[in-house]
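Working notes, beginning with the structure itself.
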There are 2 protein chains.
Amino acid sequence: MKTLKYSRQRESIKACLMARHDHPTADALYTLIREEYPNISLGTVYRNLNLLVELGEIQKLTCGDGADRFDADTSPHYHFVCKHCGKVSDLPLDPMENINHMAQEHADGTVDSHTIYFYGTCKDCFENNYR
Amino acid sequence: MKTLKYSRQRESIKACLMARHDHPTADALYTLIREEYPNISLGTVYRNLNLLVELGEIQKLTCGDGADRFDADTSPHYHFVCKHCGKVSDLPLDPMENINHMAQEHADGTVDSHTIYFYGTCKDCFENNYR
DNA sequence: ATTATATTAGTAATTGTTACTATTTAATAA
DNA sequence: TTATTAAATAGTAACAATTACTAATATAAT
């Protein structure tokens, strides 16, 4: 079987993601990590992010704009996406486990999870007249 | 200003999408429409789909797997995504307007809409032992 | 019919992401 | 400590989804 081996790069990627609350894209993380590891490759960032997702140590966010984003907080929670600047922020709203059961009643299959993205205008964009 | 001009292709794209309930990707629609317009181009399909989304006549679904999907039903409703085969189906669950207000209380901005995707295993995949 | 402009087909370019490969690194055994 | 094995890497190429470009065509208005 395939056993996991330590890698400085992977540790750095995870540490970097944990230190942030802005849900960076793979490319944004790549730029950040290159300050510490100037010749890390973008493929290494992607590979490790996907691996960490598989291990359940981080989660991937697909919120409709271009690139996927990553979140070191794996507890169930929701996100708020600004339609103007694309910023994604955590929404400390209690997770609604019950809606899986509500959906189950109408679904043609077994429901076991859900994602919710809320869309609107963030405070910054509102104050700056939507940029 | 830019005035809209009729196009057979656009009509065909919309009609084709309205006739389906399986939320096809742009490429899937392209294949379907080529039966009627054998030399329509993929770019035309993408351009018109995006235009129809802007006009509010259809909606785009981004459910995390590869390509975006399109839905001619613009009324607020939710979707069920099978984690095994990727099939996306409508979930006739009453839209929860109230959760925008719930989110509003915790969001750093103005919330005006949301999307929910439910994930699980569809009946077909379950019966076929997950393929 | 003439004109103006939106739309198109076809193609090239871009973006986000994954795959490939020779080299390096980490874990293990001798 | 050195030798062995396999995982991870950097660098690059390939890929898939989507958008941009352009000359030709279709639509609407004059």
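Values below: all heavy atoms of this structure, side chains included; hydrogens, waters and symmetry mates excluded. Convention: sequence-line order gives letters A, B, ...; per-chain numbering from 1.
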Tabulate protein N/O versus nucleotide N/O from nucleotides 23-28 of chain C, keeping only pairs under 3.5 Å, one per line.
from   : atom 1 : to     : atom 2 : distance (Å)
C/dA26 : N3     : A/Lys5 : NZ     : 3.3

Could you give the [atom1]-to-[atom2] distance, from [X] to [N], as a whole number of Å?
X       : N      : atom1 : atom2 : answer
B/Lys2  : C/dT5  : NZ    : P     : 12 Å
B/Glu11 : C/dT8  : CD    : C1'   : 15 Å
A/Leu42 : C/dA19 : CG    : P     : 14 Å

Does a side chain donor of either A/Asp73 or A/His21 reach within less than 3.5 Å of an acceptor in the other side chain? no
Scan side-chain atoms only and decide if B/Asn50 and B/Lys60 contain a donor-acceptor pair under the 3.5 Å cut-off.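 Result is yes, a qualifying pair exists.
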Under 4.0 Å from any heavy atom of chain A: name the first and the last nucleotide of DNA chain D that qualifies, 5' to 3'.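 Span of nucleotides near chain A: D/dA6 to D/dG11.
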When all nucleic acid strands are considered with a 4.0 Å heavy-atom cut-off, which category describes A/Asp68: base, sugar-phosphate, or nothing?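 Sugar-phosphate contact only - A/Asp68 comes under 4.0 Å of backbone atoms but never of a base.
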Within the 4.0 Å heavy-atom criterion, would you say B/Thr25 contacts the bases, only the backbone, or no part of the nucleic acid?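 Touches nothing.
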For atom CZ of B/Arg8, is the number of surrounding heavy atoms from other residues, nucleotides or ligands below 6.0 Å larger than 12?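 Not buried by this count: 12 neighbours or fewer within 6.0 Å.
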In this structure, are over 12 heavy atoms from other groups packed under 6.0 Å from B/Arg20 atom CZ? no
Do A/Asp108 and B/Lys87 touch side chain to side chain, with heavy atoms closer than 4.5 Å? no
Under 4.0 Å from OP1 or OP2 of C/dT7: is there any side-chain N or O of B/Arg10 that close? yes
Between atom OG1 of A/Thr110 and atom CZ of B/Phe118, what is the distance when rounded to the nearest 0.5 Å? 14.0 Å
